[in-house]
Number of protein chains: 2
Amino acid sequence: MKYPQLYQQFSQWTNIPTDQWSMFESKLMERIFSKGEYFLQAGDKVLEFGIILNGIFRLYYTDKNGKEHIKTFRKNGDLLGAYAEMLMNIPSRTYIQAMESSKIILINKDDFYPFYTKHVCWQILGRIAAERHFLSKEQREFEFLQLDVIERYQKFCDEFDCLIGKIPQHQIASYLGVTPVALSRVLSRSRKVK
Amino acid sequence: MKYPQLYQQFSQWTNIPTDQWSMFESKLMERIFSKGEYFLQAGDKVLEFGIILNGIFRLYYTDKNGKEHIKTFRKNGDLLGAYAEMLMNIPSRTYIQAMESSKIILINKDDFYPFYTKHVCWQILGRIAAERHFLSKEQREFEFLQLDVIERYQKFCDEFDCLIGKIPQHQIASYLGVTPVALSRVLSRSRKVK
DNA sequence: TTTAGTCATTAACCAGTGTTAATGATGGTA
DNA sequence: TACCATCATTAACACTGGTTAATGACTAAA
């Protein structure tokens, strides 16, 4: 078994027969991304997805004015890819960029899909992955509807604590849906209060 | 077959053997909701979910100040329930209220879950339901990050066209993440431009 | 018909944000 | 060292959105 850690992670969700796992592992590839390198850019065909062994990536898109909007960050153990575009079978609208030297496991979409019909465990994993993606977006919707900037920042610190310091503040601002100037003001205000 | 229309809808996603379908149908119940009646309120145990035959529901939660925030609206053919809370197995944080007289099909969560192990088609349906829920949230995230109020309003009109006139404008404002006053101003401004 | 309730609109005021620009700090590179 | 790029901070200004309150339209109930 090449990736016992990954097997552990998947086995949390459902039992995977060892023969299924070894077939799956045979399709996996490793790849290193250096800081700043892109896993995917807007317009690219979505041919594969990954699982992060170590490192940090940011996912963002650009609007009609060329401004970047950060959707989320991904770290150890997270799935990596343009998930929505893969489901819709359209070219990527998302840029996915390594924020530090990162190591990931890759699998081709076309190598993975056949597993769905080989064993029910892959359907279960697919369902749980979708459910977890949904839950994180539901949480984000909650934050946009109910929380102001400073509260959203605090939530960000809770969720991505290990990333503070590794992510420039203006990118956190973009994730929170405000400008770097606005976030800086808010943080400065909250420091004065304390 | 009691609900051929529902069978049709599910069959779009995957083939369902007739014996599976009749077992499934035997668990279904019908229920009518009159205007204003609640399918679910915050604090309720999430015991069941539904599929809307006809009518409109709104899903919202309240914040610490008692203000309502509308998450979405649901109409014919949509799944109805506190999906996130069901996945997390926690009490509902969501209020689900009929906006007009509505008819739905109900199934108990505990009656449905066993189907996951009876046939793979239910896993596939579960996965696709989760994927579709995810995609709609991803779309909503896009709108919050990239669009201003008037653009979000236009998107709303595209997505829920049949509901315009049936939904009070202040509830649309809540869905868009602004106050009724702000939405009214924005619409009045955009009317003048034309 | 009268009354009460819901809702959209508008005005006035204020807090917060976007924008632009200037400043200073930091870190990497020639 | 000097130079460059990146980034956080702050100021000034315009504008948007939140809040409150008043008004009028409409509907349903008494």
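Throughout, a chain's letter reflects where its sequence line sits, starting with A, and its residues are numbered from 1.
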| Taking atom P of D:dT6 as reference, at what distance in whole Å does atom CE of A:M99 sit? | 14 Å
| remark: Atom NZ of A:K166 and atom P of D:dC7 are separated, to the nearest Å, by 17 Å
| With a 4.5 Å limit on heavy-atom distance, are the side chains of A:Y83 and B:E131 in contact? | yes
| query | Taking the six-membered ring of B:F112 as reference, does the NZ or CZ atom of B:K109 fall below 6.0 Å from its centre and within a 45° cone about the axis? | reply | no
Sequence neighbours left out, cut at 3.5 Å: what donor-acceptor pairs do the side chains of residues 35-52 of chain B make with other protein atoms?
unit_1, atom_1, unit_2, atom_2, d
B:E37, OE1, B:S34, N, 2.9
B:E37, OE1, B:S34, OG, 3.1
B:E37, OE2, B:R31, NH2, 3.0
B:Y38, OH, B:Y60, OH, 2.6
B:D44, OD2, B:Q41, N, 2.8

| task | Take the protein atom CG of B:L187 and the nucleotide atom P of C:dT10, then report the distance between them rounded to whole Å. | result | 10 Å
| query | Do B:Y3 and B:Q9 meet the criterion of a side-chain donor-acceptor pair at a distance under 3.5 Å? | reply | no
| message | Quick test of your reading of the model: are B:E68 and B:R58 salt-bridged, counting only N-O distances below 4.0 Å? | response | yes
| Once you round it to whole Å, what is the distance between P of C:dC7 and CD of B:Q171? | 7 Å
| To the nearest angstrom, how far is B:L183 atom CG from D:dG17 atom P? | 10 Å
| message | Parallel, tilted or perpendicular, judged at 30° and 60°: which one describes the rings of A:F160 and A:Y175? | response | perpendicular
| message | Checking contacts here: which listed nucleotide (D:dA8, C:dT17, D:dG17) is nearest the side-chain heavy atoms of B:R189? | response | D:dG17
| query | Within this structure, what is the CD1-to-P distance between B:I150 and D:dC15, rounded to whole angstrom? | reply | 19 Å
| Which nucleotide in the set D:dC7, D:dT10, D:dG17 lies at the smallest distance from any side-chain heavy atom of A:S184? | D:dT10
| field | Rounded distance in Å - CD (A:Q146) to P (D:dG18) | value | 15 Å
| Between the side chains of B:Q169 and B:Y153, is a donor N or O closer than 3.5 angstrom to an acceptor N or O? | no
Could you go over nucleotides 19-28 of chain C and give all protein N or O partners under 3.5 Å, atom names and distances?
unit_1, atom_1, unit_2, atom_2, d
C:dT19, OP2, A:K67, NZ, 3.1

| message | Roughly what angle, to 10°, lies between the helix axis at the start of the helix from C:dT1-D:dA30 to C:dA30-D:dT1 and the one at its end, five pairs per end? | response | 30°
| query | When you look at A:E143 and A:Q139, which way does the side-chain hydrogen bond (donor to acceptor under 3.5 Å, both in side chains) test go after all the steps? | reply | CA-CA 6 Å; A:E143 290 165 14; A:Q139 182 61 30; 3.2 Å; yes
| task | Would you tell me if any nitrogen or oxygen in the side chain of A:H170 comes within less than 4.0 Å of OP1 or OP2 on D:dA8? | result | yes
| field | side-chain N/O A:Q169 vs D:dT6 OP1/OP2, d < 4.0 Å | value | no
| task | May I ask you to establish whether A:R127 and B:Y116 are in a cation-pi arrangement, using a distance under 6.0 Å from NZ or CZ to the six-membered ring centre and at most 45° from the ring axis? | result | yes
| task | Mind calculating the distance between CZ (B:R152) and C1' (D:dT16) to the nearest angstrom? | result | 12 Å
